[in-house]
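Below is one structure, written out as C-alpha cells, with a few remarks after it.
Residue numbering restarts at 1 for every chain, and letters A, B, ... go by the order of the sequence lines.
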Amino acid sequence: MSLRLYNTLTRRVDSFEPLEPGRVSLYTCGPTVYNYAHIGNFRTFLFEDLLRRWLQTSGYDVFHIMNLTDVDDRTIAAAREKGVSLRNHVDPFARAFEEDRDWLRILPAHEQPRATEYIAAMIRLIGNLLEKGVAYRGEDGSVYFSIAQFPLYGRLSRLDRRELRAGASERVSSDEYAKEDARDFVLWKAAKPEDEAVGAAWDAPFGRGRPGWHIECSAMALELIRKRVGSDVLDIHAGGVDLIFPHHEDEIAQSCAYTGREHFARYWLHGEFLNIRGEKMSKRFGNITTARDLREDGVDPGAVRLLIFQTHYRQRLDLTDEGLAAAQRASSRLGEFQKRLTDSRSGSDSPRLSEAAERLRRDLTEALDDDLNAPRAVAAMFTFMNEGHAALDGGERSGPIALSAWELAEDVLGVTSRGTVINVPTGAAASVAPETGATYGETPPPGSNEELEKAWALHWAVQRKQAKGVRDYAEADRIRTLLRDAGWEVRDGKDGSIEVVRVRRAS
RNA sequence: GGCGCCGUAGCCAAGUGGUAAGGCAGAGGUCUGCAAAACCUCCAUUAGUCGGUUCGAUUCCGACCGGCGCCUCCA
C-alpha cells in the first residue's frame, strides 16, 4: 500500500497520486512575521515537515514552497505602533522564524517567497481577474472578487449556503458597503494614509494599494510552480484548519478563475489546533508560548517534536507542563538508546536485531503511509528501542540493518534528544582546577553560563571520583546529592566510565 | 441558527466487527558501595450513559449526557 492522505476537498482518505509521477509540488502557508511564531504555528509547520520528509523518503522529488506574510493588517499595525517601516519591523521576526524553524529541525522550504517581493505577480493576477469580469472595483477604490461569478465557490469549506449567524448582523463593517455581495472578498485594498506611513502601498493600474490577505498565496504559488515544474496546479496545499475558510476557499476561487483549471491544489491537508492547558492561545489569555520560550526553559527540540507527533495531526492537542515533561523524558531515552546502538556497531546484525529492524521499517512505513500516523510511527521506535536494549544487554551487536532502520525513522521523525553530557576523564584523578585559580562553591556559580556550569559540574564529579577512590562513600554521596540539586545526574558505568548528565535545568 | 469534531487506564494517546499499540507516572525484582541507566515481571475482562443491529461492538446505527471547533483576515 502506498501513501494515503485525508483530503479536505473530498473529506476522505484518498490514495495520493501526484499529477506527474515521482514529482510533488507542495505549498504550505507560512507565518505572518509581525511577531514571534508560537508553538501552535509550529505544530502546523511540524506536521508539514513530516509530510515533506515522508514524501521525500518515499522517493518523491518534492518542490516545497512556504510563504512569509510580511504585509497585512497586523504587520502594518505593529510597524506603526513602533514607528518604523514595515520592512524594519518585519525583518527581525523573519530571521527569528528561521532560527526557531531550524531549532525545531524543520527543513527549510525550497522557496520562501515574501509577499512584498511578489507584488508585480499579484497585480498581474488581479488585472487578469478584472479583465475577465470576475473582479470589480468597489466604491472605496479597493478591488473585490465576485463570488457570483464563481459557481464552484464553497467547495472546500462546504459553507456555500451559509447564512449570517443570528445576531451577528452588526458585524457588517464599513467596507461591506463597497461590496456587491457580503461574501465577496478583497483582492487589493486601496491605500490608506496608515499604509503609506509605513511603506505598505504600491502603484497598480487599478489604483494605489496593498494586497488582500489571500492573493499572495495564489500569485506566489502559481508563479513559482509555473517556473519550476511547468504546471499551474499544485499537488498538495497544506495549512491549519482555521485556514479552510475563508483563506483557502478564496485562494481556490481566485486561482481557478485565473487559470481556468478545475483545481488550484488537488490535495488539501489541514492540521488541527494546539491549545495551551485547555485554552486557545491568544493575547487575551496571555498564554502565548513561543518556540523560544520552550528553548529557554531547557526543552529539547526532539522532545517538542515527540510531543507533537504523539498525537495525530488531525486531532486537537493540548500542551501541558506534564505532557512536556513526559515527552522530554521519553525523547531523552530515545536519544540514549540511539547512542548505545551506534556505539555497539559491528559488522553484522544479530538475528534478533535484524528482525526487530525489519519490523520497525515495516511498521513505520505502514503508519506514515496511513495518513501520516505519527503516533504509530513513534510507537514503532519505542518497540524497537525496547527490543534493542534487551538484545544489547544480552551481548548482541548492532549492524547495518538495525542502524539504517533506526536512521530512517529518526530522519523522518527527529524525536530523539541528548542533552548536555559531560564525560569525566578516566585514569588518574584529573585536576580541573580552573586556570584562574577560582574555587568552586557547592552550588553552581550564580548567573553562570553553560560553560561555567559545565566546568562546575565537572569539578564536583572529579571530587566525587576521588572520594570514591579512597572509599569515602559518605563524601561521594554528598557530592552526588549536591550535583543532583543543581540538576545534574552522575552515572557510573560498568567499565569505570563516568558521565554527568543534565537532567533538568537548575532554576 | 448552519457545518463539524471529540469523550479509551492516574495522565497523554493509537489501532481494530472477534475480547484493547505506544509514552509518562506507579509497584516488585535483577544489577549497583549508593544511585542512575538498562533488563525481567505487573499495571483497562474494559472503552461517557442508555438502547439497537450482529453469533459477537470499544469499533456500525440511534438517543441522551459532557467537552469543543469553524461560520471573513487566527496555524
Centroid distance below 5.5 Å plus an interplanar angle below 30 degrees: do A/F382 and B/G23 meet both conditions?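 No, A/F382 does not stack on the base of B/G23, since the centre distance and plane angle fail the 5.5 Å and 30° test.
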
Holding to salt bridge (Lys or Arg N to Asp or Glu O under 4.0 Å), I want the full list of residues that pass it with A/R12, two or more places apart in sequence or in another chain.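 Counting only residues at least two positions away or on another chain, A/R12 forms a salt bridge (Lys or Arg N to Asp or Glu O under 4.0 Å) with A/D14.
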
Interatomic distance at [atom1], [N] relative to [M], whole Å:
N: B/C50; M: B/C43; atom1: C1'; value: 30 Å
N: B/G48; M: B/C55; atom1: C1'; value: 27 Å
N: B/G1; M: B/U16; atom1: P; value: 35 Å
N: B/G67; M: B/C60; atom1: C1'; value: 24 Å

Letter by letter from the 5' end, nucleotides 29-42 of chain B scores (B base, S sugar-phosphate only, - none; protein heavy atoms under 4.0 Å) --S-BBBBSSS---

Quick test: give all pairs of protein nitrogen or oxygen and nucleotides 4-6 of chain B nitrogen or oxygen below 3.5 Å, distance rounded to 0.1 Å.
none

Rounded to the nearest angstrom, tell me the gap between atom [atom1] in [X] and atom [atom2] in [N].
X: A/D318; N: B/C11; atom1: CG; atom2: P; result: 14 Å
X: A/L50; N: B/A75; atom1: CG; atom2: P; result: 21 Å
X: A/M281; N: B/G69; atom1: CE; atom2: P; result: 14 Å

So what does A/A326 touch, heavy atoms closer than 4.0 Å: a base, only the sugar-phosphate, or nothing?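 Contact class for A/A326: sugar-phosphate only.
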
